[in-house]
Peer 1: 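I have a structure here, written as structure tokens, and I will follow up with some questions on it.
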Protein chains: 2
Amino acid sequence: MQNPESPKYQQQRLAAIRAAATVFAHKGYHGASTGDIAEAMGIKQGSLYYYFKSKEEALAEVCLYGISDYVQRMEEIAASRQPFEARLLATVTSHLSSYREKNEALKVHNDERLYLPELKRRKLKKMGSRYRELLEGIFEDAVRDGAIRPNLDCHFAAQSVIGICNAWGDLIVRDAELDVFEVIRKCTDLLLNGLVDHDHDRAG
Amino acid sequence: MQNPESPKYQQQRLAAIRAAATVFAHKGYHGASTGDIAEAMGIKQGSLYYYFKSKEEALAEVCLYGISDYVQRMEEIAASRQPFEARLLATVTSHLSSYREKNEALKVHNDERLYLPELKRRKLKKMGSRYRELLEGIFEDAVRDGAIRPNLDCHFAAQSVIGICNAWGDLIVRDAELDVFEVIRKCTDLLLNGLVDHDHDRAG
DNA sequence: CGCGTATTCTATAGGTGTATAGAAAAATTA
DNA sequence: TAATTTTTCTATACACCTATAGAATACGCG
């Protein structure tokens, strides 16, 4: 390849990243071999190094692929001037849809990124922090607007939303039968209203 | 050792399980070597095989150690005739305290048990299912008693509670500064009441 | 102390996995 | 078709890791 970084090369490299994502998601970074990834692409082990200079670079690419547009979408949600409930729904939808669409790359980012060396982890960490801060900002707006409880710990709430989405994301990745939109609806409802029957106090 | 399965042997074996739990939690099962575990115990790599017949057996023991009394405690919570909110609080407390007390073994169970062979996984799976069923039962009771919303999907709710506890458990394992009891309180509150300011509707 | 047992050590066989080099094949261009 | 470039293959060096065997040390007890 060398000069043009041809479209075909880029396309094949993307296929390699996707294959690596699937393999890493199922076997873990250390549990997966470069041969496994190559096999998933239909090439031989040695040929993989035409696309990655090391196994670690493959992991880094998968993680970056997993989190990048996911943060971008949160930028858009945070910037939008929708009411709180719509933004929360959009957040959960974005997060869980990522799991379904991105071929497990986000799962790999969450589970395996800590095996990357400090330097490569920094960029990812910055993106993750950015994501959390944007989500916190949404909660802070909502507290100001009176949409949610005034005593809410926004940092805690943001972590919890991310945590619950990741947990359900794992289940979605593992169980293809799950209806993603039903999960999205129930997650959002649970986060907003909790388990207690508040309506009952008023209407019942 | 051979005959007596002496107390000293059992004690050292427990130390080995704990060491393995710490190492597996930090490096992952495949990323950790038997040498790493041995080093954490202050013995040499080969000596580890005095306590485990294989690395895989070490993982199995750690997973079992991680989940066993955790299920037992849930049996007690489920059998207790406390009101729903107290049982939920007890559930979250039990779960998150496990993370702090059990030296990462529960985390290893959650993250690495799928690397065990089918046979060994079955026992663990049964325990995990038992846990989830007990928790679902608590929700079903609460629905009957009117303590929580009548339309609640109890299976979904149980999975969500487990998921959010695991997410916070991870953070607790990684960040020793976190106040576990504050996390417990906020988790329970969020699960019960959600984010919305329901009191505001009533009390003005 | 001296004996038997329990525990740890050293050394190593054998397997697996990463990364590289150079040849071969496929694709592209002239 | 011939020449050039891109892509894949084969083969292998090298490192690491698991598990075992047998020697060495520490321990408990008469």
Side-chain angles (χ1 to χ4, degrees), chain A residues 1-63 108 112 115-117 119-120, chain B residues 1-63 108 112 115-117 119-120:
Chain A
M1 46 104 188
Q2 221 68 341
N3 232 4
E5 294 285 330
S6 68
K8 176 172 180 197
Y9 176 81
Q10 292 298 336
Q11 188 181 339
Q12 270 291 84
R13 190 163 200 268
L14 191 62
I17 293 169
R18 287 224 182 85
T22 300
V23 173
F24 287 152
H26 284 84
K27 300 192 162 193
Y29 174 61
H30 293 292
S33 71
T34 52
D36 294 331
I37 300 169
E39 190 180 359
M41 295 179 66
I43 63 177
K44 301 288 176 174
Q45 184 263 337
S47 307
L48 193 69
Y49 287 78
Y50 186 64
Y51 297 105
F52 303 115
K53 79 176 207 306
S54 67
K55 182 183 175 186
E56 183 189 291
E57 183 183 285
L59 176 61
E61 291 296 311
V62 170
C63 289
V108 174
E112 318 285 340
Y115 300 127
L116 290 169
L119 200 69
K120 292 187 180 175
Chain B
M1 44 106 189
Q2 222 68 341
N3 232 4
E5 293 286 331
S6 67
K8 178 173 179 195
Y9 177 81
Q10 291 299 336
Q11 188 181 340
Q12 270 291 84
R13 190 163 200 267
L14 191 64
I17 292 170
R18 287 225 182 86
T22 301
V23 172
F24 286 152
H26 284 84
K27 300 193 161 191
Y29 174 60
H30 293 292
S33 70
T34 52
D36 293 332
I37 300 169
E39 190 180 359
M41 294 179 65
I43 62 178
K44 300 290 175 175
Q45 184 263 335
S47 306
L48 193 69
Y49 288 77
Y50 186 64
Y51 297 105
F52 304 115
K53 80 176 206 307
S54 68
K55 183 183 175 186
E56 184 189 291
E57 183 182 286
L59 176 60
E61 291 295 311
V62 170
C63 289
V108 174
E112 317 285 340
Y115 300 126
L116 288 169
L119 201 69
K120 292 187 179 175

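The chains referred to below are lettered A, B, ... by the order of the sequence lines, with proteins before strands, and numbering in each begins at 1.
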Peer 1: Can you list the residues that meet the side-chain contact (heavy atoms from CB on, under 4.5 Å) rule with E56(B), with sequence neighbours excluded?
Peer 2: Y29(B), S54(B), L116(B), P117(B), K120(B)
Peer 1: Let me know the distance between CZ of F52(A) and P of dA19(C), rounded to the nearest Å.
Peer 2: 12 Å
Peer 1: When the side chains of residues 15-27 of chain B are checked against the rest of the protein, which donor-acceptor pairs come out under 3.5 Å, sequence neighbours left out?
Peer 2:
| unit_1 | atom_1 | unit_2 | atom_2 | d |
| --- | --- | --- | --- | --- |
| R18(B) | NE | Y65(B) | OH | 3.0 |
| R18(B) | NH2 | Y65(B) | OH | 3.3 |
| T22(B) | OG1 | R18(B) | O | 3.2 |
| T22(B) | OG1 | E104(B) | OE1 | 3.2 |
| H26(B) | ND1 | T22(B) | O | 2.8 |
| K27(B) | NZ | D36(B) | OD2 | 3.4 |

Peer 1: Can you tell me how far P of dT18(C) sits from CD of E57(A), to the nearest Å?
Peer 2: 15 Å
Peer 1: So which heavy atom on T34(B) is nearest to which on L48(B), and how close?
Peer 2: O-CD2, 3.7 Å
Peer 1: Taking only residues two or more places apart in sequence, or in another chain, which ones meet Q12(B) in a side chain to side chain donor-acceptor pair (under 3.5 Å)?
Peer 2: none
Peer 1: Holding to side chain to side chain donor-acceptor pair (under 3.5 Å), I want the full list of residues that pass it with E39(B), two or more places apart in sequence or in another chain.
Peer 2: none
Peer 1: From the options dT20(C), dT7(D), dT20(D), select the nucleotide whose nearest atom is closest to the side chain of Y49(B).
Peer 2: dT20(D)
Peer 1: Just the table, please: protein N/O against nucleotides 23-30 of chain D N/O, every pair under 3.5 Å.
Peer 2:
none

Peer 1: Is the phosphate of dT7(C) approached by Y51(B) (side-chain N or O, under 4.0 Å from OP1 or OP2)?
Peer 2: no
Peer 1: Below 4.0 angstrom from OP1 or OP2 of dT7(C), is there any side-chain N or O of Y50(B)?
Peer 2: yes
Peer 1: Go through the structure and list residues passing side chain to side chain donor-acceptor pair (under 3.5 Å) with K55(B), not counting sequence neighbours.
Peer 2: none
Peer 1: Please state whether the phosphate of dT7(D), meaning OP1 or OP2, lies under 4.0 angstrom from any side-chain nitrogen or oxygen of S47(A).
Peer 2: no
Peer 1: Could you tell me the separation between the CD1 atom of I37(B) and the OH atom of Y51(B), rounded to the nearest 0.5 Å?
Peer 2: 14.0 Å
Peer 1: Does Q45(B) place a side-chain N or O at less than 4.0 Å from the phosphate oxygens OP1/OP2 of dC16(D)?
Peer 2: no
Peer 1: Just jot down the salt bridge (charged side-chain N to carboxylate O under 4.0 Å, His left out) partners of E112(A), sequence neighbours excluded, or say none.
Peer 2: none
Peer 1: Who are the ring-ring contact (aromatic ring centres under 6.0 Å, His included) partners of F52(B), not counting sequence neighbours?
Peer 2: none
Peer 1: Give me the residues of residues 25-42 of chain A where at least one heavy atom lies under 4.0 Å from an atom of DNA chain C, by number, or none.
Peer 2: A32(A), S33(A), T34(A)
Peer 1: From CD of Q12(B) over to C1' of dT8(C), roughly how many Å is that when rounded to an integer?
Peer 2: 11 Å
Peer 1: Between dC17(D) atom P and L48(B) atom CG, what is the distance in whole Å?
Peer 2: 14 Å
Peer 1: Could you tell me how far apart K55(A) (NZ) and dG17(C) (C1') are, to the nearest whole angstrom?
Peer 2: 8 Å
Peer 1: Quickly work out the Q11(A) CD to dT7(D) P distance and round it to whole Å.
Peer 2: 11 Å
Peer 1: Whole-Å distance between dA15(D) C1' and E56(A) CD?
Peer 2: 16 Å
Peer 1: Of the options dT18(C), dT8(D), dT10(C), whose atoms approach the side-chain atoms of K44(B) most closely?
Peer 2: dT10(C)
